[in-house]
K.L.:
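Sending over a structure as structure tokens; questions will come in a sec.
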Amino acid sequence: MFWERFYSLCLRNGKRPNPVGKEIGLSSGIISKWKNGGIPNGETLMKLARYFNVSTDYLLGLSSYIQINGELVEMEYTDLELKKQIDENAKKLNNKGLKKLSDYSADLVAANRYLKDEDEWNA
């Protein structure tokens, strides 16, 4: 659970795990241990929580709440958990279903870009 949350937070912030670790003074070996199921010690956990502006409980999978733009938001799934679900369900689709999924995904990306552009325009 920790790795999925950590990795998703890195991606959400446009970063990779090793550079994040380096920013807070960790070696790539420690990051590798986490990827293989390890968890950080208390001090490192606190550094990560401050870095990502989340609770240590969120990082450890004990809470599903994360702060976004100053608001506490419940995250039902991490990005990696959603990807796994999408992958599993996509395997069950035929070519026509995969094409529909692809078109829908493209529409979602385009809509998200539009909303971001609109936000920048109104700023």
Side-chain angles (χ1 to χ4, degrees):
M1 178 63 73
F2 168 76
W3 174 255
E4 287 84 6
R5 297 252 170 129
F6 171 67
Y7 188 73
S8 290
L9 286 167
C10 289
L11 296 180
R12 191 175 293 274
N13 286 277
K15 300 189 177 202
R16 304 288 299 162
N18 283 333
V20 168
K22 189 174 182 177
E23 283 183 50
I24 63 171
L26 304 173
S27 71
S28 59
I30 289 176
I31 306 296
S32 294
K33 285 181 184 178
W34 297 347
K35 188 174 184 178
N36 293 318
I39 58 171
N41 65 31
E43 182 181 337
T44 302
L45 198 58
M46 292 298 293
K47 285 182 184 179
L48 290 168
R50 281 191 296 274
Y51 183 89
F52 290 116
N53 194 29
V54 297
S55 70
T56 55
D57 282 353
Y58 178 78
L59 285 169
L60 293 172
L62 302 172
S63 169
S64 58
Y65 289 91
I66 186 172
Q67 207 171 44
I68 299 177
N69 297 328
E71 282 188 47
L72 206 56
V73 177
E74 185 170 16
M75 300 294 289
E76 190 170 341
Y77 301 103
T78 66
D79 296 341
L80 290 178
E81 290 168 336
L82 285 174
K83 182 187 179 310
K84 285 178 187 176
Q85 284 184 355
I86 291 168
D87 287 347
E88 288 172 13
N89 288 319
K91 289 176 187 174
K92 299 174 187 174
L93 297 174
N94 59 22
N95 287 339
K96 186 176 179 180
L98 286 171
K99 172 75 171 113
K100 285 182 178 181
L101 177 62
S102 176
D103 292 345
Y104 178 67
S105 297
D107 289 345
L108 285 174
V109 169
N112 191 34
R113 282 191 188 135
Y114 171 76
L115 292 174
K116 285 183 180 178
D117 291 343
E118 186 178 82
D119 289 343
E120 290 171 11
W121 183 263
N122 291 328

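Small disclaimer: the values here were computed from a predicted structure and weren't measured. Because only heavy atoms are used, hydrogens play no part in the values below, and waters and symmetry mates are left out as well, while side chains stay in. Residues: numbered from 1 along the sequence shown.
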K.L.:
If we count only N and O atoms by modelled type, under 3.5 Å, do the side chains of Arg16 and Tyr7 hold a donor and an acceptor together?
P.N.:
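Their side chains do contain a donor-acceptor pair, which is all the 3.5 Å distance test asks for.
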K.L.:
Could you grab the distance from atom CG of Leu48 to atom CD1 of Ile24, nearest 0.5 Å is fine?
P.N.:
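One gets 4.0 Å once the value is rounded to the nearest 0.5 Å.
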K.L.:
Which pairs of donor and acceptor atoms, one on a side chain in residues 90-97, lie under 3.5 Å apart (sequence neighbours left out)?
P.N.:
| from | atom 1 | to | atom 2 | distance (Å) |
| --- | --- | --- | --- | --- |
| Asn94 | OD1 | Lys96 | N | 3.1 |
| Asn94 | OD1 | Gly97 | N | 2.8 |

K.L.:
Rounded to the nearest 0.5 Å, how far does OG of Ser55 lie from CE of Met46?
P.N.:
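It is 10.0 Å, given to the nearest 0.5 Å.
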K.L.:
Between Phe6 and Pro17, which heavy-atom pair has the shortest distance, and what is it?
P.N.:
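Result for this residue pair: CE2-CB, 3.5 Å.
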K.L.:
Give the minimum heavy-atom separation between Ile31 and Gly21, together with the two atoms involved.
P.N.:
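In terms of heavy atoms, the two residues are closest at CD1-CA, 3.9 Å.
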K.L.:
Please report the C-alpha distance between Leu59 and Leu9 in whole Å, then the side-chain angles of each, then the deciding distance to 0.1 Å, and finally whether the side-chain contact (heavy atoms from CB on, under 4.5 Å) criterion is met.
P.N.:
CA-CA 9 Å; Leu59 285 169; Leu9 286 167; 3.6 Å; yes
K.L.:
Of all heavy-atom pairs between Ile39 and Trp34, which one has the smallest distance, and what is that distance?
P.N.:
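In terms of heavy atoms, the two residues are closest at C-NE1, 3.8 Å.
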K.L.:
Could you list all the side-chain hydrogen bond (donor to acceptor under 3.5 Å, both in side chains) pairs where at least one residue sits in residues 39-50, not counting sequence neighbours?
P.N.:
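For residues 39-50, and leaving out neighbouring residues, the side-chain hydrogen bond (donor to acceptor under 3.5 Å, both in side chains) pairs sorted by first residue read Asn41-Thr44.
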K.L.:
Any donor-acceptor pair under 3.5 Å linking the side chain of Ser102 with the backbone of Leu98?
P.N.:
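No; judged by distance alone, with no hydrogens or angles, the pair does not exist.
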K.L.:
What heavy-atom pair brings Ser63 and Tyr58 nearest, and what distance separates the two atoms?
P.N.:
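Of all heavy-atom pairs spanning Ser63 and Tyr58, the closest is O-CD1, 3.4 Å.
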K.L.:
Measuring from Leu26:CG to Lys33:NZ, what's the distance to the nearest 0.5 Å?
P.N.:
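It comes to 11.5 Å.
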K.L.:
Tell me, with the steps shown, if Ser27 and Ile30 meet side-chain contact (heavy atoms from CB on, under 4.5 Å).
P.N.:
CA-CA 6 Å; Ser27 71; Ile30 289 176; 3.6 Å; yes
K.L.:
Lys15: which residues meet the side-chain hydrogen bond (donor to acceptor under 3.5 Å, both in side chains) condition with it, sequence neighbours left out?
P.N.:
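Per chain and number, Lys15 pairs via side-chain hydrogen bond (donor to acceptor under 3.5 Å, both in side chains) with Glu23, Tyr51.
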K.L.:
Nearest 0.5 angstrom please: Leu62 CG to Met1 CE, how far?
P.N.:
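Answer rounded to 0.5 Å: 9.0 Å.
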